[in-house]
Novice: 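Take this structure first; my questions come after.
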Amino acid sequence: MTTSPTSAQRAVSAATQWHSNAQDQRAGKQPIEEIFGVDVFGWKTMHERLPKSVYKALQRVVNEGDVLHPSIADVVASAMKDWASERGATHYTHWFQPMTGLTAEKHDGLIVPNGDGQVVLRLSGEELSQGEPDASSFPSGGLRATFEARGYTAWDVSSPAFIVRGSNHATLCIPTVFVSWNGEALDQKTPLLRSIDALNTQAMRILKIFGTDEGVGHVQTTLGTEQEYFLIDRNLYYARPDLSTCDRTLFGAMPPKHQQLDDHYFGSIPSRVLSCMAEVEDELYRLGVPVKTRHNEVAPGQYEIAPVFEGMNIACDHQMLVMETLKRVAARFGLKAILHEKPFANVNGSGKHCNWSMATDTGVNLLDPQDETHTNLQFLTFLTGVIRAVHLNGDLMRASIATAANDHRLGANEAPPAIISIFLGDMLTDIIEQLEKGTPSRTLKGGALDVGARTLPQIRRDSGDRNRTSPFAFTGNKFEFRAVGSSASVAWPCAVINTIVADSLAYIADEIEAAVGKSPTPAKVDAAVKKVLKQLVKDHKPVVFNGDNYTEAWHEEAEKRGLVNLKSCVEAYPALESRQCAALFKKHKVLTKPELDSRIEVMYEKYEMQCQIEAEQMALIARQMILPAAHEHQRRLAETVGATQGAGVDSGGIFSELENFVGLVDRFRDKLEEFERAIDQEHGGAKDAAAYVHAHVHPLMDDLRALGDELEGRVASELWPMPSYRELLTLR
């Protein structure tokens, strides 16, 4: 008797037979910049295409906060339209970032009728500056109702427009903010821009105290984001309902070999994956995204891409483009890019390391310790401001990266725990300890390493080691926020960091200004700064931890230090509901109370809905796929028992196997019925529903998965209805 191959078997067959001539195509392909030019309407292009007076006026809008005059917008729109149409663009869109965590766009034609039976290309200053998408259809947390649909997009002059291409289309994308009819922020970008302004205001106060503000127009926050992701074969992806619906596996037994040999990390990149990476980089270069690094990550099928540092607003836009480009290009190579934080249980998940710093518009990194750090009081002031900010607001930082997906990753052995602490390293820790006792007098030096072979150079040794277990680690001239999830927009966590640091810098500036009075002298400033910093170190050093954040001992120590351990979204989100949090965002004009409340509501709603989708999908897989496969395997065992007994042969062993298997299937069925009853329960608001899911549904999901994975290990492989972990993680 022959049987038709299952969908899982067909998917595996298609994956193993995949081939592409993509590398051959790349070998003979003209460089993209020679075909199209760089598809970014940035400052270089504007300098070439705009009248000098218009170009300078636009720079004043960005650098000095001048109002964008309609006549300036008209000139820019005309030049942008000409530039875009020369590159094949037929449509334009206001590209914005609603609270879905994704991007949004509505395309309008650049080609319009002129009334004489002909067409013209048109983009007016008004169309460039403002759009009007339907605000009621996006998550708003109550700021907009269904019958209150009006919302506005407004051109973000500071972020360059760009062109996105498909096989037969090109669209001009204009980065914008998204606000309601009442002016309330409905997006990720508006609070980010406000937080950048808030930090600039307070950082300039610190520079003024030290007399280093001369010639500085503003302080900008900078960002470099390392993006981790998985690439798996598309056929296998779509043969798994859990992956195609939830972007993570809800069942899946571990294969004998996965990541335990550490042989995938920084290993040779598979040829299909490398071709995909190269195509991604080509597209990102064309979009002006300065990608620099690519490599294998720890888990099989896991990779990383990272750009160089940029101003934070543009870096956040570029991060969204990186994610979109990964997804779009992977399909051309028969692959699927998965950005979920934990698509595969028991192997490393994916994060997004946000390297955060501050710099003047004259090019000075304010978090650069320089050689004799102990003498650099300005650096120590900014450093201490960050330490204070994280100590007082670690719960807000934790809440800023809390998502249903990231809950599966935080605290595991590949990710920092949910306790927010700071790693400073030996050199800076030594200096702040000196500062607490008095005036610092030394800076530890790293020296050099002699590797021992005459053909090898001496290696410069840094003054301290690095710590990959810390959620917020100082790494030379920046802080690395390692706990951000791989699928998340970086705009919200960055807005939170900017705001809490701005608040700490404001506190420090207030204290120093009050101490020096109206007639400051260098001696007064020096004494006041040291006194203030000494007290800050004493008050906030409990947040500094240079050890292993993965150990249980640290959890116990953190509790003694008063650091909170918010292990889930349900525990973390209430930090955003406090009066202190509302006052903080209001003080620095980042979010009004209604805007903050709306975000909290959206977070609870998204958490509950994502978990509900996963739960319902899990129940369907269990009932429609796993149980039928188990029943068929059970039938085969029963037939084998009957045939053995009929032949007069002792069937004790096979009968025992059947009994054990039937017991396992019964336990799976009973747990499934309990699980289905739990997910059918009705709840009140989003917050109550989220709490119920966390407390009651998630434990049942874990129990059901354990039984399902045990069944996978016992059911005949040709009967199992989904591609296995071995196939998902190794067929590339």
Side-chain angles (χ1 to χ4, degrees), residues 341 348-349 351 353-354 356 367 380 383-402 406-437 440 444 462-476 478-485 493 496-497 500-501 504 533-576 578 580-581 694:
E341 283 73 6
N348 277 17
H353 302 169
C354 294
W356 175 93
L367 288 179
L380 292 175
L383 176 70
T384 309
V386 175
I387 293 172
R388 177 185 183 273
V390 175
H391 187 219
L392 294 180
N393 303 282
D395 55 346
L396 299 187
M397 292 178 64
R398 170 65 181 94
S400 76
I401 48 89
N406 214 16
D407 273 3
H408 297 292
R409 167 181 167 264
L410 287 182
N413 282 341
E414 85 281 357
I419 305 165
I420 302 298
S421 64
I422 291 178
F423 168 81
L424 288 181
D426 295 338
M427 183 267 284
L428 289 184
T429 300
D430 179 65
I431 288 177
I432 67 167
E433 288 174 350
Q434 294 179 61
L435 187 60
E436 185 182 9
K437 297 173 183 176
L444 297 180
D462 290 300
S463 57
D465 208 343
R466 297 186 69 176
N467 187 331
R468 66 184 303 272
T469 71
S470 175
F472 201 66
F474 189 81
T475 56
K478 61 190 183 299
F479 280 95
E480 183 181 20
F481 193 15
R482 296 177 53 86
V484 182
V496 170
I497 294 174
I500 64 176
V501 172
S504 272
L533 298 190
K534 179 178 181 179
Q535 187 61 47
L536 288 174
V537 171
K538 180 180 179 181
D539 293 342
H540 302 293
K541 67 179 180 181
V543 79
V544 177
F545 178 67
N546 292 337
D548 186 350
N549 294 64
Y550 290 168
T551 64
E552 285 300 320
W554 165 235
H555 287 219
E556 296 170 7
E557 173 64 21
E559 186 175 1
K560 293 177 183 176
R561 296 186 185 194
L563 305 182
V564 294
N565 186 3
L566 306 174
K567 298 180 181 179
S568 70
C569 293
V570 172
E571 296 170 84
Y573 290 154
L576 298 169
S578 69
Q580 295 91 333
C581 177
H694 175 67

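As the structure is a computational prediction, the values presented were derived from the model and not from experiment.
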Novice: Closest approach of His694 and Val570, non-hydrogen atoms and distance?
Specialist: CB-CG2, 3.6 Å
Novice: CD/Glu556 to OG1/Thr551 distance, rounded to the nearest 0.5 angstrom?
Specialist: 8.5 Å
Novice: Compare all side-chain heavy atoms of Val484 with those of His353 and state whether any distance is below 4.5 angstrom.
Specialist: no
Novice: Quick one: closest heavy-atom pair of Cys569 and Pro574, and the distance?
Specialist: O-CD, 4.3 Å
Novice: Dump the intermediate steps for salt bridge (charged side-chain N to carboxylate O under 4.0 Å, His left out) on Arg561 and Glu557, then the final yes or no.
Specialist: CA-CA 6 Å; Arg561 296 186 185 194; Glu557 173 64 21; 3.0 Å; yes
Novice: Does the pair Phe474 and Glu480 meet the rule for a side-chain contact (heavy atoms from CB on, under 4.5 Å), with working shown?
Specialist: CA-CA 6 Å; Phe474 189 81; Glu480 183 181 20; over 6 Å; no
Novice: Trp356 versus Val386: any side-chain heavy-atom pair under 4.5 Å?
Specialist: yes
Novice: Check whether any side-chain N or O of Thr429 sits under 3.5 Å from a backbone N or O of Asp426 as a donor-acceptor pair, and report yes or no.
Specialist: no
Novice: Just to verify, what does His540 make a ring pair (Phe, Tyr, Trp, His ring centres under 6.0 Å) with, not counting sequence neighbours?
Specialist: His391
Novice: Between Ile431 and Leu380, does the side-chain contact (heavy atoms from CB on, under 4.5 Å) criterion hold? Intermediate values first, please.
Specialist: CA-CA 9 Å; Ile431 288 177; Leu380 292 175; 3.8 Å; yes
Novice: Which atom pair, heavy atoms only, marks the closest approach of Ala572 to Arg398?
Specialist: CB-CG, 4.0 Å
Novice: Does Thr469 use its side chain to pair, donor to acceptor, with the backbone of Asn549 at less than 3.5 Å?
Specialist: yes
Novice: Are Ile432 and Leu533 side-chain neighbours, meaning at least one heavy-atom pair lies under 4.5 Å?
Specialist: no
Novice: Is there a side-chain contact (heavy atoms from CB on, under 4.5 Å) between Leu396 and Cys581? Walk through the geometry before answering.
Specialist: CA-CA 8 Å; Leu396 299 187; Cys581 177; 3.8 Å; yes
Novice: Roughly how far, to the nearest 0.5 Å, is CG of Asn565 from CG of Asp395?
Specialist: 12.5 Å
Novice: Pro493 versus Cys354: any side-chain heavy-atom pair under 4.5 Å?
Specialist: no
Novice: Please lay out, stage by stage, how Phe481 and Val390 fare under the test side-chain contact (heavy atoms from CB on, under 4.5 Å).
Specialist: CA-CA 11 Å; Phe481 193 15; Val390 175; over 6 Å; no
Novice: Just by modelled atom types, is the Ile500 backbone N or O under 3.5 Å from a matching donor or acceptor in the Asn393 side chain?
Specialist: no
Novice: Side chains of Ile401 and Val496, heavy atoms from C-beta outward: is any pair under 4.5 Å?
Specialist: no
Novice: Under a 4.5 Å cut-off applied to non-hydrogen side-chain atoms, are Arg388 and Leu536 in contact?
Specialist: yes
Novice: To the nearest 0.5 Å, what is the distance between CD1 on Ile497 and OG on Ser400?
Specialist: 6.5 Å
Novice: For a 4.5 angstrom cut-off between non-hydrogen side-chain atoms, does Arg468 reach Phe423?
Specialist: no
Novice: Any sub-3.5 Å donor-acceptor pair from Arg409's side-chain atoms to Gly349's backbone N or O?
Specialist: no
Novice: Considering only heavy atoms from C-beta outward, does the side chain of His555 approach that of Ile419 to under 4.5 Å?
Specialist: yes
Novice: To the nearest 0.5 Å, how far apart are CD1 in Ile387 and OG in Ser421?
Specialist: 12.0 Å
Novice: Taking all non-hydrogen atoms of both residues, which atom of Gly485 and which atom of Asn406 are closest, and how far apart?
Specialist: N-ND2, 3.6 Å
Novice: Hey, is the main chain of Val501 close enough, under 3.5 Å, to the side chain of Ser504 for a donor-acceptor pair?
Specialist: no
Novice: Quick check: closest heavy atoms across Asn467 and Asn546, and the distance to 0.1 Å?
Specialist: ND2-O, 3.2 Å
Novice: Could you tell me whether the side chain of Tyr573 and the main chain of Ala402 form a donor-acceptor pair under 3.5 Å?
Specialist: yes
